[in-house]
Amino acid sequence: MGYIKWVFILCFWAIIGATLHYTLPQYDVVRIVNTYEERQELGDWTRIFWSRPDTQSAGLENRDVQFIQAVRPNGKPIVYRNEDTGWSWPPYFKFDTANLYTEANDAVSDKDDPEWVRVKHYGWRNQTLSIFPNAVAISPAASVDDKPTNWTSIVILVGLGFLILALYIRWLRFKARRIDPMVEDMEDGLYAMGDAVSERTQGLRRLFRRSK
């Protein structure tokens, strides 16, 4: 029973951690090499990894999506999608897809004369499932090491940590005030019941012996 409890706890926190890792902003320093637009099928379960900026997109089976191709300083490629988030989750309230696409095109450079930029994004890149992180903003980078401190993620994680700690303390206090006394009363009742049953059994045994 203890193993099931710990498996449940680990799965719960793994889901929370994965959700935060997917949703919180991240920064990459990259060199943009190309932009393009491609029609994507949205019919299978991977639809959850595409934006739903309006109610109409919820009913579409496919739509045109803008992509930004880039190269990291170590030479590895990375591809971002460029979609509005609108008022939906995650709450980036991105409505400037066209402007960002223009900025990305303006920042295209080659390896002989690289122009490094910082791409703020959320999400994951998975080639097997065709999942792409969503670019939220692009800004110039002074060098390949010019990655800003991710204050947004730090503040959210610290605030979430304090919230969890506060809830845990409240739970311990509630447990000490309400649950523990109830459990103790139940245990005392069970012990008293057990003693009564034991005395009753012993009385029956004595009565049975006398009747012989």
Peer 1: Can you find a pair of side-chain heavy atoms, one from Val79 and one from Tyr36, that are under 4.5 Å apart?
Peer 2: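 Yes, their side chains come closer than 4.5 Å.
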Peer 1: So do Val158 and Ile156 actually touch side chain to side chain, heavy atoms under 4.5 Å?
Peer 2: no
Peer 1: Same hydrophobic cluster for Ile15 and Leu129, using side-chain heavy-atom links shorter than 4.5 Å among ILVMFWY?
Peer 2: no
Peer 1: Determine, stepwise, if the pair Asp64 / Arg39 fulfils salt bridge (Lys or Arg N to Asp or Glu O under 4.0 Å).
Peer 2: CA-CA 4 Å; Asp64 292 331; Arg39 181 161 291 271; 3.2 Å; yes
Peer 1: Look up atom OG in Ser109 and atom CZ in Arg31, then write down how far apart they are to the nearest 0.5 Å.
Peer 2: 5.5 Å
Peer 1: Using modelled atom types and a 3.5 Å cut-off, is there a donor and acceptor pairing between side-chain atoms of Asp84 and backbone atoms of Thr97?
Peer 2: yes
Peer 1: Between Asp106 and Thr102 (side chain of the first, backbone of the second, donor and acceptor by atom type, cut-off under 3.5 Å), is there such a pair?
Peer 2: no
Peer 1: Is there a side-chain contact between Thr35 and Gln69, using heavy atoms and a 4.5 Å cut-off?
Peer 2: no
Peer 1: Would Leu165 and Trp171 show up in the same hydrophobic cluster when neighbours are defined by side-chain heavy atoms closer than 4.5 Å?
Peer 2: no
Peer 1: Going by distance alone, is a donor N or O of one side chain under 3.5 Å from an acceptor N or O of the other, for Asn150 and Lys120?
Peer 2: no
Peer 1: Rounded to the nearest 0.5 Å, how far does CG of Leu100 lie from CD1 of Ile68?
Peer 2: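 The distance works out to 5.0 Å.
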Peer 1: Is the shortest heavy-atom distance from the side chain of Pro148 to the side chain of Arg118 under 4.5 Å?
Peer 2: yes
Peer 1: Would you mind reporting whether Ile154 and Thr149 have side-chain heavy atoms less than 4.5 Å apart?
Peer 2: yes
Peer 1: If Ile, Leu, Val, Met, Phe, Trp and Tyr residues are connected whenever their side-chain heavy atoms lie under 4.5 Å apart, and connections chain through other members, are Ile169 and Leu172 in the same group?
Peer 2: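 Per the 4.5 Å side-chain linkage, Ile169 and Leu172 are not co-clustered.
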Peer 1: May I ask you to test the Ile78-Val30 pair for a side-chain heavy-atom distance under 4.5 Å?
Peer 2: yes
Peer 1: Return yes when atom CZ of Arg170 has more than 12 non-hydrogen atoms of other residues, nucleotides or ligands closer than 6.0 Å, and no otherwise.
Peer 2: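 No, not enclosed.
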Peer 1: Determine whether Val33 and Val108 make a side-chain contact, defined as any pair of heavy atoms from C-beta on separated by less than 4.5 Å.
Peer 2: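 No, too far: nothing below the 4.5 Å cut-off.
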Peer 1: Answer yes if the ring centres of Tyr80 and Phe132 are under 6.0 angstrom apart, and no otherwise.
Peer 2: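 No, ring centres 6.0 Å or more apart.
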Peer 1: Quick check for you: to the nearest 0.5 Å, what is the distance between Arg72 atom CZ and Asp28 atom CG?
Peer 2: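 Spacing of CZ (Arg72) from CG (Asp28) equals 4.5 Å.
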Peer 1: Does some side-chain heavy atom of Leu157 sit less than 4.5 Å from a side-chain heavy atom of Leu20?
Peer 2: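 Result yes, sub-4.5 Å side-chain heavy-atom pair found.
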Peer 1: Spell out, as yes or no, whether a donor-acceptor pair under 3.5 Å connects the side chain of Gln26 to the backbone of His21.
Peer 2: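 Yes, because the side chain of Gln26 sits within donor-acceptor range (under 3.5 Å) of the backbone of His21.
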Peer 1: Hydrophobic clusters here meaning ILVMFWY residues chained together by side-chain heavy-atom distances under 4.5 Å, can you tell me if Trp151 and Phe162 are in one?
Peer 2: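 Yes.
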Peer 1: Counting only heavy atoms not in Glu37, do more than 12 fall under 6.0 Å of its CD?
Peer 2: yes
Peer 1: Determine the minimum heavy-atom distance between Asp146 and Pro140, stating which atoms define it.
Peer 2: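 For Asp146 and Pro140, the tightest heavy-atom pair comes out as OD2-O, 4.3 Å.
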Peer 1: Can you tell me how far the CG atom of Leu160 sits from the CG atom of Leu24, to the nearest 0.5 Å?
Peer 2: 9.0 Å
Peer 1: So, taking the atom named CD1 in Ile32 and the one named CD in Glu103, what distance separates them when rounded to the nearest 0.5 Å?
Peer 2: 9.0 Å
Peer 1: Side-chain donor-acceptor pair under 3.5 Å between Asn134 and Tyr122, yes or no?
Peer 2: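 There is such a pair (donor and acceptor under 3.5 Å, judged by atom type) between the side chains of Asn134 and Tyr122.
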Peer 1: Would you say Ile48 ends up clustered with Trp124 if hydrophobic residues are merged whenever their side chains have heavy atoms under 4.5 Å apart, either directly or through other cluster members?
Peer 2: yes
Peer 1: Is Ser153 reaching over with its side chain to a backbone N or O of Pro25, donor-acceptor style, under 3.5 angstrom?
Peer 2: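 Yes, because the side chain of Ser153 sits within donor-acceptor range (under 3.5 Å) of the backbone of Pro25.
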Peer 1: Would you call Glu83-Arg63 a salt bridge at under 4.0 Å N-O?
Peer 2: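 So Glu83 pairs with Arg63 through a salt bridge.
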Peer 1: Without swapping roles, check the side chain of Tyr92 against the backbone of Thr23 for a donor-acceptor pair under 3.5 Å.
Peer 2: yes
Peer 1: Could you tell me the separation between the OG atom of Ser130 and the CH2 atom of Trp50, rounded to the nearest 0.5 Å?
Peer 2: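 Rounded to the nearest 0.5 Å, the OG-CH2 separation comes out at 7.5 Å.
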Peer 1: Would the Tyr22 and Phe49 ring centres measure less than 6.0 Å apart?
Peer 2: yes
Peer 1: Report the C-alpha distance between Phe93 and Phe95 in whole Å, list the side-chain angles of each, state the deciding distance to 0.1 Å, and finish with yes or no for side-chain contact (heavy atoms from CB on, under 4.5 Å).
Peer 2: CA-CA 6 Å; Phe93 309 114; Phe95 298 94; 4.1 Å; yes
